[in-house]
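Have a look at the structure below before the remarks.
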Amino acid sequence: MRKMTALLALVMTSSGFPGVAAADTCELHIEANDQIQFNKSELVVPADCDTIALTLEHTGELPVEVMGHNWTLTRTADWKTVAQAGAGAGLENEYLPQDEKKELIIAYTDMIGGGETTGVTIDVSELEKGGDYTYFCSFPGHWATMNGKLVVE
Ligand code: ZN
């Protein structure tokens, strides 16, 4: 019994302080719902993070075919171009352009349905401190309301 208690304490210690254990990885969490909304209009990343681990949680119930959400990041100058070009690309391509416009995409997650969670890891060295970035959902029509700013400061 004493041995079990000690083991439990060890497990809790090693996983209890993610901010300290993984100081170089900054975690971001954003939710999307069945009302075609993200729960945040801005995400802030400290420039001294090496890596961003972004998690997207779809808190709705509708399936991906009718209420799919993802999280796509581009420079603000490019986001509408990418969103519009991707509308015809199909669910199998996350509704993202497959031609040369694909190079404008900095990062993206899988397209998910209600109750699902996905994520993506971003190398912060690919981002510019003070740069102007916009994230959006690339499901056709969703970008108009599902978008926000990523701030690197
Ligand atoms: Zn969406």
Side-chain angles (χ1 to χ4, degrees), residues 14-153:
S14 63
S15 63
F17 303 97
V20 174
D24 298 334
T25 299
C26 297
E27 296 183 2
L28 296 176
H29 186 95
I30 189 166
E31 296 175 5
N33 62 28
D34 283 344
Q35 284 73 50
I36 317 180
Q37 297 166 329
F38 282 127
N39 70 335
K40 292 173 184 167
S41 58
E42 184 179 282
L43 293 170
V44 178
V45 179
D48 59 358
C49 298
D50 288 338
T51 306
I52 302 168
L54 177 122
T55 303
L56 170 67
E57 181 180 357
H58 190 325
T59 59
E61 297 178 354
L62 296 171
V64 65
E65 293 81 6
V66 296
M67 189 55 70
H69 296 314
N70 76 348
W71 187 91
T72 303
L73 182 69
T74 67
R75 287 186 173 273
T76 295
D78 301 327
W79 79 280
K80 287 184 181 174
T81 300
V82 172
Q84 290 171 345
L91 181 58
E92 68 274 20
N93 291 315
E94 323 299 339
Y95 294 108
L96 290 171
Q98 300 300 300
D99 58 9
E100 73 282 355
K101 295 189 183 76
K102 190 172 188 175
E103 292 170 22
L104 300 174
I105 302 166
I106 298 167
Y108 67 97
T109 72
D110 294 337
M111 188 72 62
I112 57 173
E116 296 180 321
T117 298
T118 187
V120 65
T121 302
I122 304 163
D123 185 347
V124 176
S125 68
E126 293 179 26
L127 302 175
E128 181 186 338
K129 188 173 180 180
D132 195 356
Y133 301 99
T134 292
Y135 61 83
F136 62 97
C137 172
S138 64
F139 194 94
H142 287 196
W143 58 272
T145 53
M146 296 185 76
N147 63 80
K149 288 291 181 89
L150 182 84
V151 178
V152 185
E153 62 178 27

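All ligand and atom numbering here is 1-based and tracks the order in the structure.
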Steps toward side-chain contact (heavy atoms from CB on, under 4.5 Å) verdict (T74, T81): CA-CA 10 Å; T74 67; T81 300; over 6 Å; no
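- The aromatic rings of F38 and H69 sit tilted, their planes meeting at an angle between 30° and 60°.
- For Q35, the CD atom is densely surrounded, since the number of other residues' heavy atoms within 6.0 Å is greater than 12.
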Worked verdict on M67 versus E61 for side-chain contact (heavy atoms from CB on, under 4.5 Å): CA-CA 9 Å; M67 189 55 70; E61 297 178 354; over 6 Å; no
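- Here the Zn ion (ligand 1) has protein N, O or S atoms under 2.8 Å from it, and they come to 4.
- Note on ring orientation: taking the six-membered ring where Trp is involved, the planes of Y135 and W71 are parallel (angle under 30°, cut-offs 30° and 60°).
- Taking both residues in full, the closest heavy atoms of M146 and A32 are given as CE-CB, 3.7 Å, listed atom of the first, atom of the second, then distance.
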